[in-house]
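Right, one structure below, let's go through it.
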Amino acid sequence: MKRVLLGLALGSAAVLAAAPSAFAHGGQYRAPGGAVPPGLREPSDPTPPPPPPPTTPPGPTTPPDTPPSGGPTTPTTPNQPGTPPPSPVTPDDPTSPGGRKPQTSYDQWIFWWNYNSDDILQIKDAIYKLRATAGSPLGVVGGDSSRGGKSDATRATEKEVHDKVIPALRWAMDPANKQHPDTESASYIALAKITDDPADIALLMKAVVDKASGKKPGGLDQIVNESAALSLGLLRRTDRARQFDPKELDRVRDFCFDAFHNDNLVTRTRAFAMLSLGLLGDQPTTTGAAPTSGGGLFYAPDPAAFGPTTADRIYEGLKDKYADEQLYVASMIALSMQDPVSIKPEMLDTLKDCALKAKLFKENVSDLVASYATLALGRMGNAKTVTDLSTALKIKQTGTNVKRSAAISLGKLAQRVDGVERANLALELWRTLESVKEPSTRNFGIISLAYVLIEDIKADKTDVVSAKGVKVHEELLKIAKDGRYSERPYGALALGLVGRAIGDRPAVEAYGKFRQDAIEILRAGLSDKKIDKRAQGAFAVALGMMKDDGAKKDLLAIVSDRSGDNELRGYCAVALGMAGIGGNDVLKAIKEALRERSSEELRLQCAISLGLLGVSDAVPTLLQELKEADTQNVQGQVVIALAKIGDARAIQPLVDILKDSGRPDVTRAISCAGLGLIGDLELVPSLSHISKDINFRAACDIVNEVLSIL
């Protein structure tokens with residue numbers, strides 16, 4: 001669900017013409033519905049993209065290199081003209097009236113959830129969890145041929161993808177077919193996710209720098225160039241049997257480095273080429289590393305013996321001077337996605353200076369660049385880095401976004417410290433947060449506390465819960481139960497994450513007690529009248545993460561209540577899917593809610609729930625609705641709902657939409673995204689590696705755009 005809610009409200013023609021179109025990349029606004037009032041937005045905060053254009057869309061536009069101006073749109077229920085917006089809810093006001101939905105602000109949990117939920121939901125894994133009998137002739141997308149196929153014949157098979165999906169996408173990419181740039185660019189993103197043909201790589205690379213199409217003066221539309229640049233990173237494959245040859249990937253890396261350093265390309269194309277290097281970072285390479293039997297990387301004692309690694313080359317590029325600071329941001333993100341084994345001490349020292357002193361080598365940098373150096377430091381650091389990040393979180397000299405990134409990064413460091421060091425990390429983070437007042441920093445820190453505790457659980461250790469002083473796990477329970485208004489949902493998510501790691505049969509008594517205490521608090525929060533319906537949704541999601549069967553009655557009652565809040569109903573449906581709570585009563589309620597046309601958001605959440613439950617018999621209903629839909633908004637939502645269920649029966653209808661010149665270009669572009677989603681080889685989408693645990697408050701054009709792509 002991380003990136004699938006459309007911006008559906010009507011917008012002014014001026015905003016529409018000026019703002020970049022995420023649809024052009026085959027994606028859409030990832031963040032949740034609801035406008036963020038200007039008074040609750042910082043200048044650097046993401047501006048929601050415009051709604052889809054009218055049925056007769058304007059001609060192609062080229063997105064600017066700088067973030068657009070203009071206020072946000074309201075994707076769900078816009079205020080009627082002349083109707084004043086509701087008063088904002090004070091984030092730290094625990095007495096805010098229960099049930100009232102507050103205005104959307106970037107401090108709210110729904111943003112974190114949408115950017116981080118792919119790894120939690122594991123929709124593809126749920127879709128393909130049923131296996132066929134041994135020797136089945138059908139290999140299924142997302143599977144491992146060595147382990148047999150899957151049992152559900154309605155799931156997309158490799159044959160269908162190769163026979164129907166890939167040819168349709170190549171058709172859309174062909175300049176001779178004169179597609180709208182939105183549709184053409186979307187096809188590059190989708191094809192890269194599913195192709196296994198090296199010949200397609202040449203097509204992707206050609207489009208990055210192609211100047212020969214004549215579609216507009218200078219060559220391909222810019223949207224197509226930059227989509228092609230990002231698509232190269234989507235050649236990433238987790239399953240080693242499906243990975244491209246290391247030499248082929250090294251050629252892609254060389255090409256991306258050349259594109260990044262090509263001053264003739266615009267900023268976003270160059271930045272997307274660098275992000276592709278980040279996405280490819282953990283794939284086998286012939287330079288500096290070799291693949292292990294497990295599909296990961298093995299670095300020689302002296303990686304220099306193989307030549308410079310990708311990390312080396314990115315780091316050297318940081319020494320250059322760029323007119324647009326977004327190129328530094330892209331480089332920091334790409335560096336942070338490399339294997340930590342390839343990170344050298346001098347790299348960590350440079351990141352430290354950038355985070356604490358806002359200096360990159362000898363050059364002063366902005367809070368934006370420093371914040372991404374801080375994120376990289378957390379992903380790549382070691383036990384010594386804990387002090388550096390704690391300092392960044394405390395001192396007055398660091399900017400707001402650096403502090404937010406430091407709160408995130410301290411949680412990421414938990415993976416690379418152990419024992420007493422991890423316990424000290426938890427205590428240091430908690431003590432530091434006590435002196436922090438800024439809501440986003442505190443909320444990110446609450447999630448990081450959960451991450452630290454999870455690492456102890458994964459290691460079957462109790463260093464954190466047994467540490468002297470503050471009991472971090474008990475503090476998380478308190479936050480979810482009666483913490484600050486804006487923090488309780490994050491506390492609920494933290495409990496859900498920790499409970500998910502503990503499982504339903506904990507071997508450690510302390511973890512068993514924590515799980516039971518957490519469930520009681522979460523069940524109570526689901527119906528707590530002191531918080532609004534959106535906040536209650538976080539408690540529902542957390543119960544789903546914990547797979548709490550005992551919450552079925554309450555969750556089902558909310559989903560079934562047609563007079564209830566549709567946003568909360570949707571999250572309760574997702575919770576039932578995550579918990580694996582099926583049964584005729586549950587399926588009936590979710591399918592009925594799916595058929596309602598009162599809320600596109602509810603319909604989408606129900607589709608996700610059915611995908612998690614491995615149910616596909618809602619597909620005929622959606623296909624019929626797709627035929628009857630008379631607006632592109634409804635068409636787009638139905639397409640994404642079909643893609644989330646992941647049923648092969650949706651392939652041909654989506655191909656038909658793609659090739660139907662009578663359909664709006666936005667709908668055809670979304671059909672490309674749907675085809676890419678259904679046929680995607682990755683169990684967790686590759687782009688999740690960028691969005692997971694990112695400081696989305698540290699916003700700029702390239703970050704906003706890449707976070708909007710399916």
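None of the values given here were measured: they were computed from a predicted structure.
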Are any side-chain N or O atoms of Asn116 and backbone N or O atoms of Asp693, one a donor and one an acceptor, separated by less than 3.5 Å?
yes
Side chain to side chain contact (heavy atoms under 4.5 Å, CB included) between Leu613 and Ile581, worked out
CA-CA 8 Å; Leu613 292 170; Ile581 300 174; 5.9 Å; no
Here the pair of heavy atoms bringing Ala172 nearest to Leu658 is CB-CD1, 4.2 Å
Using only atom types and a distance under 3.5 Å, with no angle test, would you say the side chain of Lys547 pairs donor to acceptor with the backbone of Arg500?
no
In plain terms, say whether Arg697 and Asp107 are close enough for a salt bridge, that is, a side-chain N and a carboxylate O under 4.0 Å apart.
yes
Under the side chain to side chain contact (heavy atoms under 4.5 Å, CB included) rule, what do Glu567 and Lys533 come out as? Steps first, then yes or no, please.
CA-CA 8 Å; Glu567 185 177 15; Lys533 299 297 184 183; over 6 Å; no
So Tyr115 and Phe696, would you call those rings parallel, tilted or perpendicular, with 30° and 60° as cut-offs?
tilted
Just how far is it from atom CG of Asn566 to atom OG of Ser599, taken to the nearest 0.5 Å?
4.0 Å
Under a 3.5 Å threshold, yes or no: a donor from one side chain and an acceptor from the other, between Gln536 and Asp532?
no
Side-chain contact, heavy-atom cut-off 4.5 Å: Asp119 with Ser688?
no
Mind listing the closest non-hydrogen atom pair of Leu169 and Cys672 along with its distance?
CD2-SG, 4.0 Å
Leu677 CG to Ile194 CD1 distance, which is reported to the nearest 0.5 Å:
10.5 Å
Side chains of Met546 and Ile502: closer than 4.5 Å at any heavy-atom pair?
no
Can you tell me if Thr183 uses its side chain to pair, donor with acceptor, with the backbone of Gln179 under 3.5 Å?
no
Report yes or no: do Arg569 and Gln605 form a side-chain donor-acceptor pair below 3.5 Å?
no
Could you check whether the rings of Tyr490 and Trp112 sit parallel, tilted or perpendicular, using 30° and 60° as the cut-offs?
perpendicular
pair Trp113-Leu121: side-chain heavy atoms closer than 4.5 Å
yes
Using 0.5 Å steps for rounding, measure from the CD atom of Gln516 to the CD1 atom of Ile521.
10.5 Å
Might you point out which heavy atoms bring Ala589 and Leu556 nearest each other, and give the distance in Å?
CB-CD1, 3.5 Å
Can you list everything that forms a side chain to side chain donor-acceptor pair (under 3.5 Å) with Arg523? Sequence neighbours excluded, please.
Asp548
Taking atom OG of Ser117 and atom CG of Leu493, what is their separation to the nearest 0.5 Å?
10.5 Å
Between Glu520 and Arg515 (salt bridge meaning N to carboxylate O under 4.0 Å), is one present in this structure?
no
Within the structure provided, determine whether His180 and Val666 are in side-chain contact (heavy-atom separation under 4.5 Å).
no
Going by side chain to side chain donor-acceptor pair (under 3.5 Å), name the residues that satisfy it together with Asn443, two or more places apart in sequence or in a different chain.
none
Are the side chain of Ser560 and the backbone of Ala557 linked by a donor-acceptor contact shorter than 3.5 Å?
no
Partners passing side-chain contact (heavy atoms from CB on, under 4.5 Å) against Asp660 (at least two apart in sequence or in another chain):
Arg663
Pick from Tyr571, Phe444, Tyr485, Phe539: which one makes a ring-ring contact (aromatic ring centres under 6.0 Å, His included) with Trp109?
Tyr571
When you look at Glu596 and Arg562, which way does the salt bridge (Lys or Arg N to Asp or Glu O under 4.0 Å) test go after all the steps?
CA-CA 9 Å; Glu596 292 179 27; Arg562 298 190 63 152; 3.5 Å; yes
Kindly indicate, with the supporting measurements, whether the criterion side chain to side chain contact (heavy atoms under 4.5 Å, CB included) is fulfilled by Ile694 and Val703.
CA-CA 10 Å; Ile694 195 170; Val703 172; 4.2 Å; yes
Closest non-hydrogen contact found for Ala494 with Ile447 is N-CD1, 4.3 Å
For the pair Arg668 and Asp182, evaluate salt bridge (Lys or Arg N to Asp or Glu O under 4.0 Å) and give the outcome as yes or no after the intermediate values.
CA-CA 8 Å; Arg668 299 172 73 192; Asp182 286 3; over 6 Å; no
Closest non-hydrogen atom pair, Val559 against Ala573
CG2-N, 3.5 Å
With a 4.5 Å limit on heavy-atom distance, are the side chains of Val165 and Ile678 in contact?
no
Distance (rounded to the nearest 0.5 Å) between Leu555 CG and Met578 CE
9.5 Å
Taking atom OG of Ser609 and atom CG of Leu576, what is their separation to the nearest 0.5 Å?
6.0 Å
Ser227 (side chain) donor-acceptor with Ile223 (main chain) under 3.5 angstrom:
yes
If only atom types and distance count, is the side chain of Gln624 paired as donor or acceptor with the main-chain N or O of Thr621 below 3.5 Å?
no
Salt-bridge test for Lys193 and Glu682: reply yes if a basic N is under 4.0 Å from a carboxylate O, no otherwise.
no
Asp482/Arg488 ion pair, N-O < 4.0 Å:
no
Minimum-distance pair of heavy atoms, taken over all atoms of Cys572 and Leu526
SG-CD1, 4.2 Å
Can you tell if the side chain of Asp517 reaches within under 4.5 Å of the side chain of Leu495, non-hydrogen atoms only?
no
